[in-house]
Amino acid sequence: MFELQREALLNRQPHPDFEDLERLMVQVKKSDQTLTVTDLGAGSRWAERQRQVGEIARKGGSTVQQGRRLYRMAHYLQPTTILELGTSLGFGTAYLAKGAPEARVLSLEGDPQLAQLAKQHWNTLQIDHAEVRVGAFESSLPEALQDLQQLDFCFLDGNHRYQATLDYFEACLPYAHSGTVFLLDDIRWSEEMYRAWQTLLRHPRVTVSMDLFFQGLLFLRQKQSEQHFAVRFR
Ligand SMILES: C[S@@+](CC[C@H](N)C(=O)[O-])C[C@H]1O[C@@H](n2cnc3c(N)ncnc32)[C@H](O)[C@@H]1O
């Protein structure tokens, strides 16, 4: 746990792998391409609305700091399978995929146009071990889990609702093992999400947690006594 903190969470060293990815992010953040996006999650008050790609890149996905942390976690843990719920433009996926080049990376996204753009970004970045599946998590998650068979790292980053978060976590559990790591995004985004985080901390399969303030890590490690950490970033 301390090594994970030092190597992945508190490490601020730049890495050459970030360069082309972040160059592309800067470019996409300026894009004025307009999409009619269907948001199936709790992130929007509108089911369908016009949004600029640049705005989605600036507000709707992982920041550079969060992305670099995703990369370092994947690099440190070297999971063989990674599942992401919520692809958006594919930048979080790209950091994870670059950090774990041997992993099978599956990402789920409800909006087909976002999924298409994510694929284009991965092509540009020469990432060929990531795959996006289009559809509501409720239907795509069971099939994705069946395909993966084993879940090593799971990034829950879409549909920030209390019951949905708990349901996705429960659906993943049969495929999880003692070494599986869950990363939950936006745990303080709403009262509902904080409640979901608190509920999951008390889940009988969760033995260790790390509260990263905006995100939270859950571990199922069986040979470890129950511990809950809070990591402060300066
Ligand atoms: C916060 S964004 C994901 C950001 C991305 N993980 C990253 O790190 O850049 C959440 C995405 O989840 C998708 N989403 C939300 N609820 C969904 C659902 N129930 N089924 C499928 N996709 C959903 C949204 O369309 C949105 O693109």
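Residue indices begin at 1 and follow the sequence shown. Just follow the structure's listing: the first ligand is 1, and inside any ligand the first atom is 1.
Nearest protein heavy-atom neighbour of atom 12 (O) of ligand 1: G86 CA, 3.3 Å. When hydrogens are left out, the protein atom nearest atom 22 (N) of ligand 1 is G110 N, 2.9 Å; that is the closest non-hydrogen contact. Protein heavy atom at the shortest distance from atom 2 (S) of ligand 1 is G60 O, 3.3 Å. The protein non-hydrogen atom at the shortest distance from atom 25 (O) of ligand 1 is E109 OE2, 2.6 Å. Summary of contacts: the protein heavy atom closest to atom 10 (C) of ligand 1 is D157 O, 3.1 Å. In terms of protein heavy atoms, atom 19 (N) of ligand 1 is closest to E138 OE1, 3.5 Å.
At a 4.0 Å cut-off, not a single heavy atom of V37 sits close enough to ligand 1 to count as contact. Not a single heavy atom of W189 lies less than 4.0 angstrom from ligand 1. Using a non-hydrogen distance threshold of 4.0 Å, F155 registers as a contact of ligand 1. Taking 4.0 Å as the cut-off, L114 counts as a neighbour of ligand 1 on heavy-atom distance. Using 4.0 Å as the threshold, A164 has no heavy atom nearer than that to any atom of ligand 1.
Between E84 and ligand 1, at least one N/O pair is under 3.5 Å apart. Some N or O of S62 is nearer than 3.5 Å to an N or O of ligand 1, by distance alone. An N or O contact shorter than 3.5 Å links F137 to ligand 1 by distance.
Counting only residues at least two apart or in different chains, ring pair (Phe, Tyr, Trp, His ring centres under 6.0 Å) contacts with residues 110-152 comprise F91-H121, F137-Y168.
The contact set between ligand 1 and Y168, taken as ligand atoms under 4.0 Å from a residue heavy atom, comprises 19 (N). Heavy-atom contacts of S88 reach the following atoms of ligand 1: 2 (S), 3 (C), 4 (C), 27 (O) (cutoff under 4.0 Å). Atoms of ligand 1 lying under 4.0 Å from at least one heavy atom of G135, given by number and element, are 20 (N), 21 (C). Ligand-side atoms of ligand 1 in range of G92: 7 (C), 8 (O), 9 (O), range being under 4.0 angstrom from any heavy atom.
Each of Q198, E191, E192 was compared with Y194 under the side-chain hydrogen bond (donor to acceptor under 3.5 Å, both in side chains) criterion, and only Q198 meets it. Just one residue in the list N159, L184, L141, L106 forms a side chain to side chain contact (heavy atoms under 4.5 Å, CB included) with L85, and that residue is L141. Exactly one of L96, T81, T80 qualifies for a side chain to side chain contact (heavy atoms under 4.5 Å, CB included) with F153. That residue is L96. Between T36 and the options Q50, R49, Q113, a side-chain hydrogen bond (donor to acceptor under 3.5 Å, both in side chains) holds for only Q50.
Using a cutoff of 4.0 Å between basic side-chain nitrogens and carboxylate oxygens, R68 and E22 are scored as salt-bridged.
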Criterion side-chain hydrogen bond (donor to acceptor under 3.5 Å, both in side chains) on Y71 and Q66, from CA distance to verdict | CA-CA 9 Å; Y71 173 93; Q66 288 167 342; over 6 Å; no

Show the numbers, then the answer: is there a side chain to side chain contact (heavy atoms under 4.5 Å, CB included) between T93 and S107?
-> CA-CA 7 Å; T93 334; S107 186; 3.9 Å; yes

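Residues passing the ring-ring contact (aromatic ring centres under 6.0 Å, His included) test with F229, sequence neighbours excluded: F2.
In this structure, R188 forms a cation-pi arrangement with F213, its terminal cationic atom sitting closer than 6.0 Å to the ring centre and no more than 45° off the ring axis.
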